[in-house]
Number of protein chains: 2
Amino acid sequence: MKLEKITEQEKAGPKRRYDDACAVAHGMDLIGDRWAFLVMRELMLGPKRFSDIREGLAGISANVLTQRLEGLEESGIIRRRRLPPPVSAQVYELTPWGQESAMVMRVLARWAARSPGHDPSLPFSAVSLALSLRTMFEPARAGDMTARIVFETEQETLVATLAAGALKVVRGETGEADVTVAGPPRAVAAAIYGGVPAADLIATGELKVAGDMAVLSRFVTLFPLPDKVESGG
Amino acid sequence: MKLEKITEQEKAGPKRRYDDACAVAHGMDLIGDRWAFLVMRELMLGPKRFSDIREGLAGISANVLTQRLEGLEESGIIRRRRLPPPVSAQVYELTPWGQESAMVMRVLARWAARSPGHDPSLPFSAVSLALSLRTMFEPARAGDMTARIVFETEQETLVATLAAGALKVVRGETGEADVTVAGPPRAVAAAIYGGVPAADLIATGELKVAGDMAVLSRFVTLFPLPDKVESGG
DNA sequence: CTGTATCCGTGTTGATACTG
DNA sequence: CAGTATCAACACGGATACAG
């Protein structure tokens, strides 16, 4: 009976979209489905496999992730690629246009960071840490500082390279560094955004630091958060 | 039996949020609910009443709009205000912080406008037209041009003021203008973004124009759309 | 007239279990 | 590892009825 492959859903896919030519509405059609934008976030540092995406998205279920990946691929935001034989795995990656959504993410994050309802005590992943560094970096504060800092978390290793007033944050690459910081992303965030002295975090065992502490001490001052909105709104 | 007003939902409001400290996730908590960002869009030109918001949002139902307004107010993005007695009506308006989401909207719109899936033939409102003008305006093309153009649509009257390389688009104000354009937002968009000569639109009766046609002819060239992504992605 | 509340059919989401 | 199947809970949209 499976010969009759009924493809009803193909012909009438009345997905719930906004019926609006406005580019804002179309933008929300693209990224507004639940989890969609966070799936894109997970891919911002490079290609990932299904399971790795899922690991970074606490709470998403497999079927929803499948749907979102299909939708994002259909929209041209991501593509799936099969890695060459040595590792026979499939990965998802942003298309060039998909990568340009980084600007949307950045502006949204800077706006949302000012929200009275933003709760920094919630879970925080390595990918989020990397993106937040890119987002909150203030070149003016860096001056001519040069540094290479490695962040080792349970999930990922991040390398931040500061040179010529620009900051690059990528994942993976190991290599020599001025400082190596090991610990959960939350603890790193506490040092950078929470104003908690690195020494305290080391003392409590939350962070382990090897290398030039002075570089780290200065580095953590380069990421000022935008001001919160006053209670009046 | 209605004496026992059970308020279970109040104490445990397990609204579906992302459990994530990442500012991107929080941003989607704020604007990601269906219709939420478009409700904000409707308020970008100034305060509006419930019914007027709803008119700009074809397809939204009254109960959903009520929920969104509550949610946005609780988030500190909008506030409700009661107009003084002469007009005993309630209006909704963006808070100062809510207005700053205009930047998010702008970047999202510019990114989404490049989407292969963007369909400009869908319904298009006066608010969307106003915002798109703000979004796509290219100051470099304006040079030292000065103009005041009035767009009269069925729903709203918009006034675009170009001076000193800056464009202001507001609603309401009538006043003298170099050109007055009357017709549906779609037709105006066709002239500005679709490259359709204004003369054609006048000939077919889609637009009515009074005043200096030369000003209009130049004005429509100031809003280049970002390039679409090539089919390859 | 301006919202708000309730009922209801339907589609989407999310948790668990399961298959290639 | 990479999804699919199933099912319960919820959100959405439409209609209607109600309150100021």
Side-chain angles (χ1 to χ4, degrees), chain A residues 2 5-6 8-9 12-20 25 28-29 32-39 42-43 47-73 78 80-83 85-93, chain B residues 1-2 5-10 12-20 28-29 32-39 42-43 47-73 78-93:
Chain A
K2 63 182 60 168
K5 188 171 188 182
I6 301 174
E8 296 177 49
Q9 68 229 41
K15 304 205 167 189
R16 192 157 50 195
R17 312 265 76 125
Y18 302 109
D19 191 33
D20 196 323
M28 291 310 285
D29 278 341
D33 281 341
R34 187 156 172 77
W35 294 109
F37 209 38
L38 297 190
V39 170
E42 289 304 304
L43 299 179
K48 273 197 173 189
R49 289 178 306 183
F50 188 94
S51 305
D52 293 328
I53 297 172
R54 202 178 166 194
E55 231 165 277
L57 264 26
I60 195 174
S61 55
N63 52 6
V64 171
L65 180 52
T66 298
Q67 287 172 220
R68 288 305 163 272
L69 290 170
E70 284 171 355
L72 290 170
E73 185 176 18
I78 69 173
R80 80 185 61 196
R81 189 157 49 96
R82 186 157 284 288
L83 294 181
V87 280
S88 176
Q90 191 176 213
V91 294
Y92 299 86
E93 66 183 359
Chain B
M1 283 307 181
K2 62 180 63 170
K5 188 171 187 181
I6 301 175
T7 55
E8 296 177 49
Q9 68 227 43
E10 282 185 33
K15 305 205 168 189
R16 193 157 45 192
R17 313 265 75 123
Y18 301 110
D19 192 33
D20 196 323
M28 292 310 285
D29 278 341
D33 282 339
R34 186 157 171 78
W35 293 110
F37 209 38
L38 297 190
V39 171
E42 288 304 304
L43 300 179
K48 272 196 172 187
R49 289 177 306 184
F50 188 94
S51 305
D52 293 329
I53 297 173
R54 204 179 166 193
E55 231 165 277
L57 262 27
I60 195 173
S61 55
N63 50 9
V64 170
L65 179 53
T66 299
Q67 287 172 221
R68 289 302 164 271
L69 290 170
E70 284 171 355
L72 290 171
E73 185 175 20
I78 69 173
R79 67 165 74 106
R80 81 184 61 197
R81 193 156 48 94
R82 186 157 284 288
L83 294 180
V87 279
S88 175
Q90 191 176 212
V91 295
Y92 299 86
E93 65 183 359

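Naming convention: chains lettered A, B, ... in sequence-line order (proteins, then strands); numbering from 1 in each chain. Bear in mind the structure is a predicted one, so any value in this text is a computation, not a measurement.
- With sequence neighbours left out, the ring pair (Phe, Tyr, Trp, His ring centres under 6.0 Å) criterion links B/Tyr18 to A/Trp35.
- Rounded to whole Å, the distance from CD on B/Glu73 to C1' on C/dT4 is 14 Å.
- As a whole-Å value, the separation of B/Glu70 CD from C/dG3 C1' is 11 Å.
- The shortest side-chain heavy-atom distance between A/Tyr92 and A/Val39 does not fall under the 4.5 Å cut-off.
- Listed by chain and residue number, A/Arg79, A/Arg81 satisfy the side chain to side chain donor-acceptor pair (under 3.5 Å) test with A/Glu93 (two or more places apart in sequence, or in another chain).
- Under the rule for a side chain to side chain donor-acceptor pair (under 3.5 Å), the partners of B/Ser61 that lie at least two apart in sequence or sit in another chain are B/Asn63.
- Between the P atom of D/dC1 and the CZ atom of A/Phe50 lies a distance of 12 Å, rounded to the nearest Å.
- Rounded to an integer number of Å, the gap from B/Ile53 CD1 to C/dT4 P is 10 Å.
- Side-chain contact between B/Ile53 and B/Leu69 is present, with at least one heavy-atom pair separated by less than 4.5 Å.
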Between protein and nucleic acid, restricted to nucleotides 18-20 of chain C and to nitrogen or oxygen atoms under 3.5 Å apart, what atom pairs and distances do you find?
none

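- Partners of B/Asp19 under the side chain to side chain donor-acceptor pair (under 3.5 Å) rule, at least two apart in sequence or in another chain, do not exist in this structure.
- When the side-chain nitrogen and oxygen atoms of A/Gln90 are compared with OP1 and OP2 of D/dA2, none of them lie within a distance under 4.0 Å.
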Please list, pair by pair, any protein nitrogen or oxygen found under 3.5 Å from a nitrogen or oxygen in nucleotides 13-15 of chain C.
from   : atom 1 : to      : atom 2 : distance (Å)
C/dT13 : OP1    : A/Arg68 : NH2    : 2.7
C/dT13 : OP2    : A/Arg68 : NH2    : 2.8
C/dT13 : O3'    : B/Arg16 : NH1    : 3.2
C/dG14 : OP1    : A/Arg34 : NE     : 2.3
C/dG14 : OP2    : A/Trp35 : NE1    : 2.9
C/dA15 : OP2    : A/Gly59 : O      : 3.0
C/dA15 : N6     : A/Asn63 : ND2    : 2.4

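- Put simply, NZ on A/Lys48 is 16 Å from P on D/dG3, counting in whole angstrom units.
- The interatomic distance linking A/Leu65 (CG) with D/dT4 (P) rounds to 11 Å, in whole Å.
- Contact detail for A/Arg54 and A/Ile60: the closest heavy-atom pair is NE-O, 3.3 Å.
- Per the geometry, CG belonging to B/Leu69 stands 10 Å off C1' belonging to C/dG3, to the nearest Å.
- Going from atom CG of A/Asp19 over to atom P of D/dG13 covers 12 Å, rounded to whole Å.
- A heavy-atom distance below 4.5 Å is not found between the side chains of B/Val64 and B/Arg34.
- Looking at heavy-atom distances under 4.0 Å, B/Arg80 makes contact with sugar-phosphate atoms alone, never a base.
- Under the 3.5 Å distance criterion, the side-chain polar atoms of B/Arg80 are left unmatched by any main-chain donor or acceptor of B/Glu70.
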